Amino acid sequence: TWYNWYNTSQVGSKVSTYRWRGRDATATNQLNPLTLTSGLDDFPRASHPTDDERHVDLRCWMALASGVMAEIAKSLNKDWQQYAATHQLLTDNALLNGLHWSE
């Protein structure tokens, strides 16, 4: 499913982080190589992608998706606990601040 695809292909280097993949880190003639990967062409990104990037927008989308998937699975009497656990992890504001906030 699309949810599993994001959770495997767009996952970050630290637990509960995500990063948009698809930009060319070797491009030297572009300021922001292929920023359209995220679908938000005007959203600020680092000038050249690295494995250390953490994209809070994708994390927020995955938090929302996890909650929705948990509710859908629960209403269908399917396994929902993993979705709910991911939702709880991704909506932890203290963890979010520790990973994404800087003074």
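Computation of the quantities below employed the complete heavy-atom set of this structure, encompassing side-chain atoms and omitting hydrogens, waters and symmetry-equivalent molecules. Quick caveat: nothing in here was measured; it's all calculated off a predicted structure.
Under a 4.5 Å side-chain heavy-atom cut-off, the cluster of Ile, Leu, Val, Met, Phe, Trp and Tyr residues that includes Leu95 is completed by Val15, Leu89, Leu99.
Here the shortest heavy-atom pairing between Arg54 and His100 reads CB-CE1, 3.3 Å.
Val11 and Trp2 fall into different hydrophobic clusters, where Ile, Leu, Val, Met, Phe, Trp and Tyr residues are linked whenever their side-chain heavy atoms come under 4.5 Å apart, directly or through other members.
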Carefully, step by step, assess Leu58 and Arg19 under the rule side chain to side chain contact (heavy atoms under 4.5 Å, CB included). CA-CA 7 Å; Leu58 182 52; Arg19 72 179 190 90; 5.9 Å; no
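In this view, Ser13 and Asp52 satisfy the side chain to side chain contact (heavy atoms under 4.5 Å, CB included) rule, not counting sequence neighbours. Residues meeting the ring-ring contact (aromatic ring centres under 6.0 Å, His included) test with Tyr3, sequence neighbours left out: Tyr83. Applying the side chain to side chain donor-acceptor pair (under 3.5 Å) test to Ser16 and every residue at least two apart in sequence or in another chain returns Arg59. Residues that satisfy the side chain to side chain donor-acceptor pair (under 3.5 Å) test with Trp101, not counting sequence neighbours, are Glu103.
Around the CG atom of Asn97, the shell of radius 6.0 Å holds more than 12 heavy atoms that belong to other residues, nucleotides or ligands.
Distance check, rounded to the nearest 0.5 Å: OG1 of Thr86 to CG of Leu90 gives 6.5 Å.
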Which atom pairs, one a donor and one an acceptor, fall under 3.5 Å between side chains of residues 67-77 and the rest of the protein, sequence neighbours left out?
| from | atom 1 | to | atom 2 | distance (Å) |
| --- | --- | --- | --- | --- |
| Ser75 | OG | Glu71 | O | 3.4 |
| Ser75 | OG | Ile72 | O | 2.8 |

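In this structure, a donor-acceptor pair under 3.5 Å is present between the side chains of Asn7 and Tyr18.
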